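Each chain gets a letter, A, B and so on, in the order the sequences are listed, and its residues count up from 1. Given the structure is predicted, the values throughout are model-derived calculations rather than measurements.
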Protein chains: 2
Amino acid sequence: MEEKKSTILVVDDEERIRKLLTMYLEREKYLIDEAADGETALQMALNKDYDLIILDLMLPGMDGIEVCEKLRESKATPVIMLTAKGEEANRVQGFEVGTDDYIVKPFSPREVVLRVKALLRRASKTKFLETEPTTKNVIVFPHLTIDHDAHRVKVDNHEVDLTPKEYDLLYYLAQNPDKVFSREDLLKDVWNYEFFGDLRTVDTHVKRLREKLNRVSENAAKMIVTVWGVGYKIEAENQA
Amino acid sequence: MEEKKSTILVVDDEERIRKLLTMYLEREKYLIDEAADGETALQMALNKDYDLIILDLMLPGMDGIEVCEKLRESKATPVIMLTAKGEEANRVQGFEVGTDDYIVKPFSPREVVLRVKALLRRASKTKFLETEPTTKNVIVFPHLTIDHDAHRVKVDNHEVDLTPKEYDLLYYLAQNPDKVFSREDLLKDVWNYEFFGDLRTVDTHVKRLREKLNRVSENAAKMIVTVWGVGYKIEAENQA
DNA sequence: TCTTATTTTAAACAATTTTTCAAAAAAAAA
DNA sequence: TTTTTTTTTGAAAAATTGTTTAAAATAAGA
């Protein structure tokens, strides 16, 4: 079940962004190289076969678009472009420069990891040309079902309306059942990297989440467990 | 339920167009080869039995028409010709050169996929020369029916006039019921590859689509669901 | 070709929903 | 009991979507 680790090149002039991405991607067992400017990045990308490159659009000297175009003259390495909100996201989106996907800053780390996985999956599919049985994206617990494609949550087969953050939070916890996350962890992973808000914000969302689940089933609400002095987790078992 | 995968040769001198087509076709589980010029393309097409060839009209050296004519001396492989707007679409259209279909640039990726499917269906039918119960291309929901062959939408058996984009959008969502698409997804897949517009353009089309459906049936309009903070989807169930 | 009608896009504003933060109340631990 | 932590509550601030309107692009017709 273990695959060979993919190597990823992360390019951004801001060190904190590089470190942030590196941290999250290494957590997923990818091997990461970093570059802070376009020239270096291009050289590295040409000299080594990366499985993926994450490339900031705005770079000192040679910008992301130019790097991508130059790279494309000799390599087809998948590229995810990072663009600030107003920037030329459109142009990047338009495939004009051979970008495979793009992410708008500020992003949530979780989102980046998901996109990276998706793109690597797509790329490897291309390579091996295998029929992948379209994986349904559903998490199932005794009283709770999360259909990620439909973005739908059901408690005892009864649909529950969640706000985006409530959904993200539940989905994140549900992906790692029985693992406790501190409020810091949750703010880091579920919120985007620019959010430096109050830790208590997490509590508020947990409260509303529990309330909504509880309206349908007390058992479902009890799945979200407070670990005193530590944080929150979802318990898969602990169900009637 | 799994069929053998069709192999397709994509020929265009612009890499971004090749990559774009490859990406969308691979998503549909086709096996893709690429060629950047006419000579290479012809050689590849003669040495391997492709199920379909997508051929750009304008190519350096030997152009698309010549490739097609030369190919036709020994093979009947179906060919879709890509032509820029002003180009000799007429000549190609007239099937003078043995082309089976043609698409005018810029195209929307979705359109290409549909044409490819249609042509492959036609071609395979020809092969077996059997009375195949012409697969109707109809999507049916409780209050909504989309007949793609006729390009006709009916709500509670009452025909609804949609503009092209409205239709495309509805059809795209209807093909993947219960799956949420972000505005970015929709712009990428439903609009053509040259469009780099505002995300909110999607909202406007959704609004008008809902309005037109709502004139006939509120239930039909309610099928198009806003997923707050994420995008839009069509709900198959959620119907009275 | 020129004119007219239709469709598409985009911007601005309104309406709605969500998120955040702060502070009091409650609960758990020491 | 005292202290610490969590839960609850409410309301302002922020973000997102809905709606309207006008300009731009496109297609159709004269």
Mind checking if [X] touches a base, just sugar-phosphate, or nothing, with heavy atoms under 4.0 Å?
X: A:R210; result: sugar-phosphate
X: B:Y232; result: sugar-phosphate
X: A:F195; result: sugar-phosphate
X: A:F196; result: nothing

Hey, are [X] and [Y] close enough for a salt bridge, meaning a charged N less than 4.0 Å from a carboxylate O?
X: B:D147; Y: B:K154; answer: no
X: B:K188; Y: B:E184; answer: no
X: B:K105; Y: B:E194; answer: no

Spacing between [X] atom [atom1] and [N] atom [atom2], to the nearest angstrom:
X: B:D198; N: D:dA22; atom1: CG; atom2: P; answer: 19 Å
X: A:D203; N: C:dA25; atom1: CG; atom2: C1'; answer: 14 Å
X: A:N214; N: D:dT8; atom1: CG; atom2: C1'; answer: 14 Å
X: A:Y167; N: D:dT16; atom1: OH; atom2: P; answer: 18 Å
X: A:L169; N: C:dT19; atom1: CG; atom2: C1'; answer: 13 Å
X: B:L209; N: C:dT7; atom1: CG; atom2: C1'; answer: 14 Å
X: A:E211; N: D:dT8; atom1: CD; atom2: C1'; answer: 10 Å

Worksheet item: Taking the nucleotide of DNA chain D with the closest heavy atom to each, which residue, B:G231 or B:R208, is nearer the 5' end?
Response: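 Comparing both residues, the 5'-ward one is B:G231.
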Do [X] and [Y] come close enough that some side-chain heavy atom pair is under 4.5 Å?
X: A:Y102; Y: A:I80; answer: no
X: B:L187; Y: B:R183; answer: no
X: B:T226; Y: B:R210; answer: yes

Worksheet item: In residues 174-192 of chain A, which residues come under 4.0 Å of DNA chain C by heavy atom?
Response: A:W191
Fill in: Passing candidate, side chain to side chain contact (heavy atoms under 4.5 Å, CB included) with A:L169, options A:L186, A:D189, A:L162
A:L186
Discussion item. Exactly one of B:V79, B:D100, B:I8 should register a side chain to side chain contact (heavy atoms under 4.5 Å, CB included) with B:I53. Which one does?
Written reply: B:V79
Name the closest nucleotide to the [X] side chain, picking from [options].
X: A:H205; options: C:dT8, C:dT19, D:dG18; result: C:dT19
X: B:W228; options: D:dG18, C:dT20, C:dT17; result: C:dT17
X: B:T204; options: D:dT4, C:dC21, D:dT20; result: D:dT20
X: A:K207; options: D:dT8, D:dG18, C:dT8; result: D:dT8

Worksheet item: So, does the side chain of B:R200 form a donor-acceptor pair with the base of D:dG18 at under 3.5 Å?
Response: yes
Practice prompt. Measure the acute angle between the ring planes of A:F107 and A:Y193, then classify it against the limits of 30° and 60° as parallel, tilted or perpendicular.
Written response: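 Correct class here is tilted.
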Worksheet item: Closest nucleotide of DNA chain C for A:K212 versus for A:L199: which of these residues is on the 5' side?
Response: A:K212
Worksheet entry | Residue B:E218 excluded, over 12 heavy atoms near CD under 6.0 Å |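 Not buried by this count: 12 neighbours or fewer within 6.0 Å.
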Discussion item. If the cut-off is 4.0 Å, is A:T226 near the phosphate of D:dT7, judged by side-chain N/O to OP1 or OP2?
Written reply: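 Yes, A:T226 has a side-chain N/O under 4.0 Å of OP1/OP2 on D:dT7.
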Worksheet item: So does A:T201 get a side-chain nitrogen or oxygen closer than 4.0 Å to the phosphate oxygens (OP1/OP2) of C:dC21?
Response: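 Affirmative; the distance criterion is met.
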Item to complete: Determine the stems involving DNA chain C; a stem requires 3 or more consecutive pairs of the Watson-Crick or G-U wobble kind, each with both distances below 3.5 Å, and the answer is none if no such run exists.
Response: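 The stems are C:1-30 with D:1-30.
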